[in-house]
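Down below is the structure, laid out as structure tokens.
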Protein chains: 2
Amino acid sequence: VADLTPMRWWGWGDPGRSTELPATALTALRAELDVPERTVPPVALEDVRLSDPGLSDRALAGLRKAVGEEWVRQDRLERVTHAAGKGYPDLVRMRAGTVEHAPDAVVYPADEDAVRAVLDVCAEREVAVVPFGGGTSVVGGVEPLRGRMEAVISLDLARLDHSHEVDTKSLTAVLGAGLRGPAVERALGRHGLTLGHFPQSWEYATLGGWVATRSAGQASTGYGSIDKLVTGLRCVSPTGKVKLPGMPATAAGPGLRQALIGSEGLLGVITEATVRVRPAPDVSHYEGWMFKRFEAGAEAFRALEQGHVIPDVARLSDEAETRQALSLSDGASLAQRAGRTYIGARGYAEGCLTILGFEGTRQDVDSRRARARGIMRRAGGLPLGAAPGRAWLRQRYEGPYLRDALLEHGILAETLETAAPWSGLMRLYEGVRDAIAGALQARGTPGRVMCHISHLYPDGASLYYTFLAAQQEGAELEQWQSVKAAACDAIVAHGGTITHHHAIGRDHVPWMKAEVHKHGIRLIRAMKAEVDPGGILNPGKLIPEHT
Amino acid sequence: VADLTPMRWWGWGDPGRSTELPATALTALRAELDVPERTVPPVALEDVRLSDPGLSDRALAGLRKAVGEEWVRQDRLERVTHAAGKGYPDLVRMRAGTVEHAPDAVVYPADEDAVRAVLDVCAEREVAVVPFGGGTSVVGGVEPLRGRMEAVISLDLARLDHSHEVDTKSLTAVLGAGLRGPAVERALGRHGLTLGHFPQSWEYATLGGWVATRSAGQASTGYGSIDKLVTGLRCVSPTGKVKLPGMPATAAGPGLRQALIGSEGLLGVITEATVRVRPAPDVSHYEGWMFKRFEAGAEAFRALEQGHVIPDVARLSDEAETRQALSLSDGASLAQRAGRTYIGARGYAEGCLTILGFEGTRQDVDSRRARARGIMRRAGGLPLGAAPGRAWLRQRYEGPYLRDALLEHGILAETLETAAPWSGLMRLYEGVRDAIAGALQARGTPGRVMCHISHLYPDGASLYYTFLAAQQEGAELEQWQSVKAAACDAIVAHGGTITHHHAIGRDHVPWMKAEVHKHGIRLIRAMKAEVDPGGILNPGKLIPEHT
């Protein structure tokens, strides 16, 4: 049975769960960021302002015929939970009860043929279709914009949740697009396998969403981001189905699999993917290190990658993020207080916390750990043992809950990310950090700007920023927009990619031209015109309407 | 100064070099394949039948203006050397002096702007443009077909031979498309680096050609095929330039880099690429192994890959190829005769020769070798020491010369290749082998059909076939066509890709629909219509004219 459990409509995750900030951390944040003492609770569901569904009777009848009457939903909760993803501006709007764009219906196809039938109805009736996986987009990727269409539906793929084939000899699996992270791991776990794909949104995000947004997970340094894991896929558009079987490699023309990975619903609805899987690890070892300076840690990471000693997880927090990690931590407090003393005594008090994770067979993990240890020490790293690794693992999916708790107290909490070659990484790091800080300052809300490196490649790495500030009451969205724009402009100016793993969605569209230039956009548009001549698929996302 | 040294026009490689078959091998082949004793020399250059160049005066003037008068060539040698690649049917035709399609001119642009200027002239004057790198295509990729155009030029990119930037920190390089293999390694070698891309055509093939055809080299199991090495590229088409900078990773929409890799000149002229490079290896160790059966060797390879013990070179010959390797060998004869005795004594006489190559630092090579040794032994492998590895290295670029020598004696020698997931590899292996043997038999020319595995992936591997037979005198092309078709049909029927690293070109077009289906072809065609509305770029290649 498909897992249709929705997330909390106004925020992240399990509605039954509440997350509060540690009181000391909240007090410190209020003081540092000059946040007035207030709580800003979300409105009640019935107070969300929602226009009536605008689907024509014919369209509605067609959709009901395509998927079955019970799978076309127009109730308030369905429409509201499918009205936005989980980006900061989405949450600000939802909590305030201002849903700018709600779907006219939420449609749940059972299989690929039903997807095709829905697209036929929508193409005929001029209804925009927004594919919806876990609804976890933080860049507006699932916002139900209708573009030039008459109406818009959210196409929830939760029922495409079959594990079609597990090939234990080739270590591949054919999986339905609607499987959420835990369901993917359950399906593979029955065969002793894992996908190794664990983005922070893992508990809710789906395989299809990962493929459509070119996702990377926390362990993608080792397992490879989703574009490295997908060897085949099926994709349905208004003009037909693209079927590309799983293949270890091919020289048969342009890389169509890769052209569909990252297509964000504009080139079709991804219904299933063939993915590379691995034996579930016998051993998982996570450990902490400290570096005196961010750059020294980055150099250690470069040495690991270029020396072919690849950890599965590698994270290096800058000084600001490390300070927060050490102050916010609660659980393992004893161990960590002890750790802090040790760190201070060794002269690493203002340093940079690093997590390395190794997964696999005992022999493989031991061998990589031993070699990594040598490289890390030579680069100036101080080993902290396993406690920080365990602490990180415990809270790896907590970030989004924490953000809700911050919003509850009127604190802006946002993340954004980029990547660049090693030779330009420190310039990019400083440029974007300073741009975010400067933009917050300019709004009169000076912030805490933090960064970590989280994905390593032989030729470069990703940077992931988190920033906190007092919300500008009554101008929350303008405040966010000005900081976001400053950060994106700085990314472009310093040679980074506009997104390493959050995708383009709605929010990054203005920077897409800088990323792939006019002719790259024309290539995407040409493919789109071929597979979606009516322009019903996810309008307003990925590419600008006009170049 | 650009390296414009052409290959021997009627065959492979250095015109100053002659290759003869060992007399005993020739005698044995003649007996086995029932080849009449004859020599079939190529015609003289002046006897090649060549129509007059058909470029209009205006087109010619435009081209001369675009690249300079001296860089528009119409002499016999230029036209003939650019009239075909080096596939078997190409060689059969060239040796007989029947050039079906010669370019009306050979044009050598100096840089990207000159490429653009040439395309402008050709778009205006309806002249087809066939990009030409090393001219080593074995699938007809550089044949100057004009399609619906008035005339056709071969666009030789040899002058785009600059090494634009070597980033020793990020381990990347920006290289001109026209650089041949040795020039690539020279440019990188000055910085102590290597690309690690060594296809059999390496001495003549160019970087741009590798990118355009999604090339894999002999060491690509370790270094990665060209699509894994390219992180950015520039590509010029009649409607503009696509510029995608080198980036370690990005989630900014569809994978346009990968959509242009393998585009075979249809989506633009690749002018430069950013590639991942590595430190030149301190140590190169190549060694031989024997397996009693092909399948046992394949299982050993699977265990290496899936156990993350990746050799840089991994080749497993089947029994037939092993027999030929042991009988054709001359040079290291003493060592090999000794080896044969040893192999026979251990019960591996009818076995499968395996080459493993490891390159890198001493520590890295030793570590991988030690782990590989355990896996190979457990899978039933018999170590043969370094001699077979050295022998393989010595003759790694000799195959094409040997083919000329066989043609000289009326012997068909052809290769083709595929790849598939591990779970279907043995079925595919047998199916294609039997199809080739059956088709040769059906022509009355029973052959020797051999195969090796040469590229490993966690989820599968490539198969590379070589087959020899007596040429059917007077029906050489029909003979080839019937065998080629049988092999390709068998590849499709058994779930292989139509090409793992030779690309589509002219010869594989009929199977492209089976590979990417109608809608995959429509996607390629849509991109092509956008960047090349006049259809001047490499007509008749990659995709069928009509679906």
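Computation of the quantities below employed the complete heavy-atom set of this structure, encompassing side-chain atoms and omitting hydrogens, waters and symmetry-equivalent molecules. Residue numbers begin at 1 in each chain, while the letters A, B, ... track the order of the sequences.
At a 4.5 Å heavy-atom cutoff, the contact between H500(A) and chain B is made by backbone and side-chain atoms alike. Proximity to chain B (any heavy atom under 4.5 Å) is shown, for A212(A), by neither the backbone nor the side chain. Looking at K241(B), only its backbone comes within 4.5 Å of chain A, counting heavy atoms on both sides. Of the two parts of L266(A), neither the backbone nor the side chain holds a non-hydrogen atom closer than 4.5 Å to a non-hydrogen atom of chain B. The part of M512(A) that comes within reach of chain B is its side chain, from C-beta onward, which places non-hydrogen atoms under 4.5 angstrom from that chain. The contact between A461(B) and chain A is made entirely by backbone atoms, counting heavy-atom distances below 4.5 Å. Both the backbone and the side chain of V516(B) come within less than 4.5 Å of a heavy atom of chain A. Proximity to chain B is limited to the side chain of I498(A), based on heavy atoms less than 4.5 angstrom apart. Heavy-atom distances place the side chain of T231(B), and not its backbone, under 4.5 Å from chain A. With a 4.5 Å cut-off on non-hydrogen atoms, L542(B) touches chain A through its side chain but not through its backbone. For a residue to count as touching a neighbouring chain, one of its non-hydrogen atoms must lie under 4.5 Å from one of that chain's; by this rule E264(A) touches chain B with the side chain only. Both the backbone and the side chain of S423(A) come within less than 4.5 Å of a heavy atom of chain B. Only the side chain of R371(B) comes within less than 4.5 Å of a heavy atom of chain A; its backbone N, CA, C and O stay farther away. In this structure, chain B has heavy atoms under 4.5 Å from both the backbone and the side chain of I504(A). Contact annotation for E299(B): only side-chain heavy atoms (C-beta onward) come within less than 4.5 Å of a heavy atom of chain A. For chain A, the nearby part of Q363(B) is the side chain; its heavy atoms alone come within less than 4.5 Å.
Heavy-atom pairs under 4.5 Å with chain B peak, among K528(A), K228(A), R257(A), R302(A), at R302(A). By number of non-hydrogen pairs under 4.5 angstrom with chain B, the leading residue of G240(A), S263(A), G253(A), P421(A) is G253(A). Chain A forms more heavy-atom pairs under 4.5 Å with one residue of G424(B), G307(B), P248(B) than with any other, namely P248(B). Per-residue heavy-atom pair counts under 4.5 Å with chain B were compared for T172(A), I543(A), T239(A), V242(A), and the maximum is reached by T239(A). Ranking S215(B), A420(B), G520(B) against chain A, the residue ahead of the rest is A420(B), based on heavy-atom pairs under 4.5 Å. The choice from H508(A), R278(A), H502(A) that makes the most heavy-atom pairs within less than 4.5 Å of chain B is R278(A). Taking chain B as the reference chain and counting heavy-atom pairs below 4.5 Å, the highest number among A216(A), G460(A), G360(A), G495(A) is found for G460(A). Interface summary for chain B: among S170(A), A503(A), A526(A), the most heavy-atom pairs under 4.5 angstrom belong to S170(A).
Without hydrogens or angle criteria, R276(B) side chain to D459(A) main chain gives no donor-acceptor distance under 3.5 Å. Although no hydrogens or angles enter the test, the distance criterion places no donor-acceptor pair under 3.5 Å between the side chain of T499(B) and the main chain of A252(A). Q306(A) contributes a side-chain N or O that, together with a main-chain N or O of K169(B), makes up a donor-acceptor pair within less than 3.5 Å.
Partners of H501(A) under the ring pair (Phe, Tyr, Trp, His ring centres under 6.0 Å) rule, at least two apart in sequence or in another chain, are H455(A), Y464(A). Here Q258(A) pairs with R214(A), D227(A), I261(A), Q258(B) under the side-chain contact (heavy atoms from CB on, under 4.5 Å) rule; sequence neighbours left out.
For the pair P254(B)/L267(A), a side-chain contact is recorded, criterion being any heavy-atom separation below 4.5 Å from C-beta on.
Within the model, atoms CG of L171(A) and CD of E305(B) stand 10.5 Å from one another, a figure rounded to the nearest 0.5 Å. Atom CG of D364(A) and atom NE2 of H308(B) lie 6.0 Å apart (nearest 0.5 Å). Here the CG atom belonging to L523(B) is positioned 8.0 Å from the OG atom belonging to S237(A), to the nearest 0.5 angstrom. The distance from the CD atom of E530(B) to the NE2 atom of H519(A) is 7.5 Å, given to the nearest 0.5 Å. Within the model, atoms CD1 of I524(A) and CE of M527(B) stand 10.5 Å from one another, a figure rounded to the nearest 0.5 Å.
Scanning all heavy atoms of the two residues, the minimum distance from A249(A) to A419(B) falls at O-CB, 3.9 Å. Taking each heavy atom of E515(A) and T250(B) in turn, the nearest pair found is OE2-OG1, 3.5 Å.
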